[in-house]
Amino acid sequence: MDTSSDAENVQPVIEEICPVCKGAKFVHPLLAPGKPDYGRIVPCSCVEKVSNTKRQSRLQKYSNLGALARFTFDNLSPEGRIKETASQEQFRRIYKAARAFAKQPKDWLVITGPSGCGKTHLAAAIANECIEGKSPVLFYSTPDLLDNLRNSFNSNTELPYDEFFEQVRNAPLLILDDLGAQSGTPWAKEKLDQLLNHRYSNQLPTVIVSLAPIEELEDRVRSRLTNTDFCQIYTIGGKPSALYSCSWAPWFELQKNMSFENFDWKRVNLQLEQRQNLEAAYNLALDFAKSPDGWLVFAGVNGCGKTHLAAAIVNYRYKLGRPALFIVVPDFLDHLRSTFSPDSKISYDQLFESVRSTELLVLDDFGEQADTPWAQEKLYQVINHRYNARLATVITTSCSLDEIENRISSRLVDPKISVLFNIMAPDYRSDRPAQKRTPRSSRKG
């Protein structure tokens, strides 16, 4: 039996010499004609390494990262740069979200925060992670992008305007840094609107880093960034504030002692319906304290127990070692105004950012503040930011919804994020028997 043809079928076939190691590329010697992989060229391993290196180099050049190529997740602390517990917890969530996005870019990731907080490092780390995974990504700061677009009208540029703008608009993943730092010319606004509208309409993965709060951006830009069905929105806090986020401030001595244990929902002189209603409010607050999620709004007359329940939530979180911030709204606005004084030890930006971005915020006595345009605007900015970022918030108010500005009240009743509960109990002080007044000089505490 002649087996020579079989022997010939399994002989290696030299195709070419490897230019790197001078070795050979060859057809696998164990495969016979007719087999699926017969004739397949198996490259030398060093050629594969060179090919991968060239691809990495091309992706790196395409990315436009430049010096930011040194910013990775490995050299970024998951707790950020601020040594405050609340800020570290906040940064950990953003760090985790950024790493998840880098593994599977989808929809839009929006990161806001002041200069130096680490947001550009996060964005660059996402880009470098994608390049490491052999995925293309294009990184531009917004001012540089607009400058390059202007320069592309010049006939000497490598890419003409149309080709360059098309490349940016349709990048598989676009990272746009420093949004809001660009000049506000009509042309710049038009180009950004065209760019973001195209990527929004075509649902192209995008990372947007903004120095300015979202509510301060152009209306058309803001409307896209605040679509929570499509955008993940994260805010990195600024410098640690003078506010107390892990313990009670000295002036909250009364609230400091308000707990779930000493909340009496079985109050005397209550009708059955009122007592059941108060018990339901108690259970709702306790559940929220155990796992803060979304918004909880307590409405009712003064003295009905809503402030006690809000303070009990804060005390519960403090016992768990978790940050929470209790704010009396009129006092907060007074403090905010006082930051404009040259003698203020805390800046306006520092105070405002610490309130609007804290992990859990209680806004007590909402609606009792002065109804000035400035006060309305500041409160709207706090409410709108926390609404868009889905930050846990408790609000107490003795006002009806009709008495609250519509753009705020519409968020308070949104069932996707908020639970509005009306406490039916009357002022608890009406339960107390009349007591003989004690002269002030003989009172304790």
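Basis for what follows: all heavy atoms, side chains included, without hydrogens, waters or symmetry-related copies.
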Worksheet entry | Nearest non-hydrogen partners of Ile126 and Ala98, listed with the distance | CG1-O, 3.7 Å
Item to complete: Work out which heavy atom in Arg317 is nearest to a heavy atom in Ala324; give both atom names and the distance.
Response: CB-CB, 4.4 Å
Worksheet entry | CA sep, side-chain torsions, deciding dist, call: Trp265, Leu309, side chain to side chain contact (heavy atoms under 4.5 Å, CB included) | CA-CA 11 Å; Trp265 58 267; Leu309 289 173; over 6 Å; no
Fill in: Gln90 side chain vs Thr235 backbone, donor-acceptor pair below 3.5 Å
yes
Worksheet entry | Gap separating the CZ atom of Arg390 from the CD atom of Gln232, nearest 0.5 angstrom | 12.5 Å
Discussion item. Does atom CG (Asp334) have a neighbourhood of more than 12 heavy atoms from anything else shown, all under 6.0 Å?
Written reply: yes
Worksheet item: Do Arg99 and Tyr95 have a side chain donor and acceptor closer than 3.5 Å?
Response: yes
Practice prompt. Indicate yes or no for a side-chain donor-acceptor contact from Arg386 to the backbone of Arg356 under 3.5 Å, with no hydrogens or angles considered.
Written response: yes
Worksheet item: When Val329 is tested against each of Asp364, Ile395, Thr396, Leu363 for side-chain contact (heavy atoms from CB on, under 4.5 Å), which residue passes?
Response: Leu363
Discussion item. What's the separation between atom OH in Tyr62 and atom CD1 in Ile131, rounded to the nearest 0.5 Å?
Written reply: 10.5 Å
Discussion item. Is it the case that the side chain of Thr393 and the backbone of Leu391 share a donor-acceptor pair, with hydrogens and angles ignored and the cut-off at 3.5 Å?
Written reply: yes
Practice prompt. Give a yes or no on this: more than 12 heavy atoms of other residues, nucleotides or ligands lie within 6.0 Å of atom CD of Gln167.
Written response: yes
Worksheet entry | Spatial distance of atom CD1 (Ile208) from atom CG (Leu225) [nearest 0.5 Å] | 4.5 Å
Fill in: Inter-residue atom distance Ile313.CD1 - Leu284.CG, 0.5 Å rounding
8.0 Å
Worksheet entry | Donor-acceptor under 3.5 Å (Asn315 side chain, Gln255 main chain) | yes
Fill in: Least distance between heavy atoms, Ala289 atom then Phe260 atom
CB-CE1, 3.8 Å
Worksheet item: Is Asp414 salt-bridged to Arg411, cutoff N-O under 4.0 Å?
Response: no
Worksheet item: Which atom pair, heavy atoms only, marks the closest approach of Tyr234 to Arg93?
Response: CE2-O, 4.4 Å
Worksheet item: Do the side chain of Ser63 and the main chain of Phe139 share a donor and acceptor less than 3.5 angstrom apart?
Response: no
Worksheet item: Any idea which heavy atoms bring Leu204 and Trp108 closest together, and the distance?
Response: O-NE1, 3.0 Å
Practice prompt. For the pair Lys306 (side chain) and Gly300 (backbone), establish whether a donor and an acceptor sit closer than 3.5 Å, ignoring hydrogens and angles.
Written response: yes
Item to complete: Would you please test Ile408 and Gln376 for side chain to side chain contact (heavy atoms under 4.5 Å, CB included) and show each step?
Response: CA-CA 9 Å; Ile408 293 178; Gln376 289 180 348; over 6 Å; no
Practice prompt. First locate atom NZ of Lys256, then atom CG of Leu254, and finally report the distance between them rounded to the nearest 0.5 Å.
Written response: 12.0 Å
Discussion item. Considering only residues two or more places apart or on different chains, which pairs with a residue in residues 273-287 satisfy side-chain hydrogen bond (donor to acceptor under 3.5 Å, both in side chains)?
Written reply: none
Worksheet item: Side chain of Gln60, backbone of Ala69: donor and acceptor closer than 3.5 Å?
Response: no
Discussion item. Between Thr142 (side chain only) and Asp177 (backbone N and O only), is there a donor and an acceptor less than 3.5 Å apart?
Written reply: yes
Worksheet item: Is there a donor in the side chain of Ser77 and an acceptor in the side chain of Glu79, or the other way round, less than 3.5 Å apart?
Response: no
Worksheet, complete the sentence: Sorted by chain and number, sequence neighbours left out, side-chain hydrogen bond (donor to acceptor under 3.5 Å, both in side chains) with Tyr140 holds for none
Practice prompt. Look at the side chain of Asn257 and the backbone N and O of Glu253, then say whether any donor-acceptor pair between them is shorter than 3.5 Å.
Written response: yes
Worksheet item: Roughly how far, to the nearest 0.5 Å, is the CG atom of Leu176 from the OG atom of Ser210?
Response: 9.5 Å
